[in-house]
J.: 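One structure coming up, written as structure tokens, with questions to follow.
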Amino acid sequence: MVWPASAQVSFTRITEGDIAKDTGTSVGCAWGDYDNDGFLDLFVANAIASTNRLYHNNGNGSFTRVRTGKIVTELADSDGSVWGDYDNDGDLDLFVTNYDPPRDFCYRNDGDGNFTKLIQGAWVTDSGAGVGAAWADYDNDGFLDLFVANSQDQNNFLYRNHGDGTMTRTTTRPLTTSAGMSHGCAWADYDGDGDLDLFVAGGHDQNEQQFQNDGNGVFTRITTGAPVTDGGDDNGVAFADYDNDGDLDLVVTGFRSSGNRLYRNDGPNGFTRVTGGPLATLRGASQNPAWGDYDNDGHLDLFIANSCERDASQGENNFLFHNEGDGTFTRVTEGTVVNDSGRSWGCGWADYDNDGDLDLFVANGLWSSSPLPPEPGFLYQNDGGTNHWLVVRLVGTASNRSAIGAKVRALATIQGTTFWQLREVSGGSGYCSQNDLRAHFGLGDATTVETIRIEWPSGIVQELRNLPANQFLTVTEQQPGVTTAPHLTVALAADGEVQLTLTGQANLRYVFEASTSLTRWTKIAVRTNLTGTVELADGATAKLLARFYRAWAP
């Protein structure tokens, strides 16, 4: 097959600097701009009683390793890591899963480049063999919840965010009572009903776990049909609309005999396994799958990180599959990305140098029984091409601040064909890893995006039209039709609760906020005003000397 010039994009492996030379027993990695300087930083989780790594992006193509603070000095057997603004204060916090010690870490971002380790609450005191993790606002209340996949036949963890900095573990739902060898996990609204569903990869020949969100905080476990009956020795899972038909498809990576499996989303008919092509037939010690349009042609490609056998003398080459735009993939066999051998586990796409194309980091580690020394990770800089692009950064207001779960759709005419592309902002996927939280679109020869449509988790929909290509766009959640400010009445009830009554425009989403100082405001709830008046009770006032309130419509 002869590829168009756009498919022949090359990568340069970075060989200088801490990020390229540090050796470790790395498993997962997560991209996130923790200091809000506009450049993506990188966290790398290290196993086998090692310290984790945080690399600050200097904005000139180089990184500096952060060497102070508990986030990089605590010894642990860490596997996964995910960034998410769980307290909605405008900066990214970090959750890290630990296989040993059996307690996970959460670091709250203090907003000044420093982090505070949380030491109270079930989500940092529960015992488990944590592997994968993913943020998601599964009940669409504007606050990020958290799922943790545990191995060693332990139940998985689901934590609900109360909006006050605390989390409560849910223990009575099938999502948290299905013990097994859970590895990678990913949330996605695969059925298009506006709430996030969950898929968990099961290792050691156990069936996959698929949970459909019923929209009221209850999940139904799916036990029939592909892909849950195809379980093997599986590791990673990732959703993406690879065929540009408007719904989210699924890839599951497996170890050796299990194989890698691609499932096409057929809407009401569920998922259909794709059995042809190299993606479906090529086998390896596959760990993390990561979707990304590396050549900016408008079609999502797939990278798969491969590790090795437990007693192997060396690692394996990784896989890169180019999306041909007709539902098929071609394996890329040339270039450093697919010919550097390593014991690769996690990986993540991100435009770390802000030039409009996706770069790649691959975390390399080893089995605890291996006699081989630790390895450095692979950082690949995309050398770019002639195709156009658009990158969209979302800021939630009624929705969670990180906009995790939001769907971004782009309509453009590429090579004479007009079609939509879909990106859903993910709070973690693959195997213990996380891509760039920004929505990246390849545009081919299109110089204009005709429509950007954003479907926020809150239900708010925004559209922007006739946008020039080759730009970074920041969109803050805002609903159309807001003409007047609401009126808020505050009353103290006999039991000590504060009763809030909002009067304003009907059929709008309103954000309720509270403060003890009138300088720092915290979102406490989001409500829809259906009739012109909406009420809210706040019981978090018992130990406060003063508490102020306000409400507004985004």
Side-chain angles (χ1 to χ4, degrees), residues 1-12 238-249 251 262 264-265 277-279 290-303 320-335 337-338 349-360 380-394 407-425 435-436 438-454 463-473 475:
M1 177 176 292
V2 178
W3 290 355
S6 62
Q8 299 173 6
V9 167
S10 62
F11 292 83
T12 297
F239 288 92
D241 183 14
Y242 81 86
D243 51 3
N244 288 332
D245 66 349
D247 51 32
L248 294 166
D249 311 295
V251 65
L262 177 65
R264 185 181 66 246
N265 190 332
L279 200 161
W291 295 98
D293 184 3
Y294 75 86
D295 58 351
N296 283 337
D297 66 352
H299 305 285
L300 284 169
D301 313 298
L302 181 66
F303 179 86
L320 178 62
F321 300 97
H322 179 260
N323 189 335
E324 301 299 328
D326 58 2
T328 66
F329 292 84
T330 298
R331 181 185 178 187
V332 178
T333 58
E334 297 181 358
V337 166
V338 294
W349 294 102
D351 183 8
Y352 77 82
D353 50 4
N354 284 346
D355 64 352
D357 48 46
L358 290 174
D359 312 296
L360 179 69
Y380 299 102
Q381 185 179 51
N382 192 325
D383 296 331
T386 59
N387 283 338
H388 301 292
W389 51 270
L390 180 73
V391 177
V392 183
R393 173 178 173 263
L394 300 182
K407 292 182 179 179
V408 188
R409 303 180 192 267
L411 180 67
T413 301
I414 302 174
Q415 297 292 329
T417 302
T418 302
F419 59 90
W420 287 95
Q421 298 180 56
L422 167 64
R423 305 288 184 267
E424 187 175 80
V425 181
N435 294 326
D436 189 346
R438 300 174 298 186
H440 170 270
F441 294 94
L443 298 176
D445 62 348
T447 58
T448 300
V449 178
E450 299 167 30
T451 303
I452 287 287
R453 177 182 171 89
I454 304 166
E463 290 192 352
L464 300 87
R465 301 185 185 278
N466 299 320
L467 300 170
N470 301 339
Q471 65 165 312
F472 290 87
L473 182 68
V475 181

J.: Check whether Arg264 reaches the backbone of Gly327 with its side chain - one donor and one acceptor, N or O, closer than 3.5 Å.
T.: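 Pair absent, no side-chain N/O of Arg264 close to backbone of Gly327.
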J.: So how far is it from Leu464 CG to Ile454 CD1, rounded to the nearest 0.5 Å?
T.: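 Reported value, rounded in 0.5 Å steps: 5.5 Å.
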J.: Compute whether any side-chain donor of one residue and acceptor of the other, for Thr330 and Glu324, lie under 3.5 angstrom apart.
T.: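 Yes, side-chain donor-acceptor contact under 3.5 Å.
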J.: Are any side-chain N or O atoms of Asp295 and backbone N or O atoms of Val9, one a donor and one an acceptor, separated by less than 3.5 Å?
T.: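 No; zero donor-acceptor contacts below 3.5 Å.
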J.: How about Tyr242 and Phe329: are their ring centroids closer than 6.0 Å?
T.: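 Yes, ring centres under 6.0 Å apart.
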J.: Under 3.5 Å, is there a donor-acceptor pair between the side chain of Trp349 and the main chain of Ala290?
T.: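 Side chain of Trp349 to backbone of Ala290, a donor-acceptor pair under 3.5 Å: yes, one is there.
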J.: Report yes if the side chains of Arg423 and Trp291 come closer than 4.5 Å at any heavy-atom pair, otherwise no.
T.: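 Answer no - side chains too far apart.
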J.: Taking His440 as the fixed residue, which of Asp293, Asn296, Asn435 is the one that meets the side-chain hydrogen bond (donor to acceptor under 3.5 Å, both in side chains) rule?
T.: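 Going through the options one by one, the only one that passes is Asn296.
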J.: Given 3.5 Å as the limit, does a donor-acceptor pair link the side chain of Asp249 with the main chain of Asn265, or not?
T.: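 Confirmed, Asp249 side chain pairs with Asn265 backbone.
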J.: Does Leu443 offer a backbone N or O that forms a donor-acceptor pair with the side chain of Asn387 under 3.5 Å?
T.: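 Between the backbone of Leu443 and the side chain of Asn387 there is no qualifying donor-acceptor contact (under 3.5 Å).
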J.: Is it true that a side-chain atom of Asp351 and a backbone atom of Asp436 form a donor plus acceptor pair closer than 3.5 Å?
T.: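 Between the backbone of Asp436 and the side chain of Asp351 there is no qualifying donor-acceptor contact (under 3.5 Å).
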J.: What are the two closest non-hydrogen atoms of Ala410 and Val449, and how far apart are they?
T.: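 Nearest pair, atom of Ala410 first, then Val449: CB-CG1, 4.2 Å.
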J.: Nearest 0.5 Å, what's the CG-CG distance between Asn382 and Asp357?
T.: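 Going from the CG atom of Asn382 to the CG atom of Asp357 covers 3.5 Å.
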J.: Going through the distances and angles, do Leu390 and Ile452 end up as a side-chain contact (heavy atoms from CB on, under 4.5 Å)?
T.: CA-CA 10 Å; Leu390 180 73; Ile452 287 287; 3.7 Å; yes
J.: So how far is it from Thr451 OG1 to Leu467 CG, rounded to the nearest 0.5 Å?
T.: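 Nearest 0.5 Å value for the OG1-CG distance: 8.5 Å.
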J.: Donor-acceptor pair, distance only, cut-off 3.5 Å: does the side chain of Asn470 make one with the backbone of His388?
T.: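 Flag not set: sc Asn470 to bb His388 has no pair under 3.5 Å.
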J.: In Å, rounded to the nearest 0.5 Å, how long is the span from CG of Asp355 to CD of Gln381?
T.: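 So the gap between those two atoms works out to 7.0 Å.
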J.: Sub-3.5 Å donor-acceptor pair from the side chain of Gln415 to the main-chain atoms of Asp297, do we have one?
T.: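 Not at all, since once roles are kept as given, no pair shorter than 3.5 Å links the two residues.
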J.: Tell me if the centroids of the rings in Trp389 and Phe472 come within less than 6.0 Å of each other.
T.: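 Yes, close enough.
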J.: Distance from Ser10 atom OG to Tyr294 atom OH, nearest 0.5 Å?
T.: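 Reported value, rounded in 0.5 Å steps: 10.0 Å.
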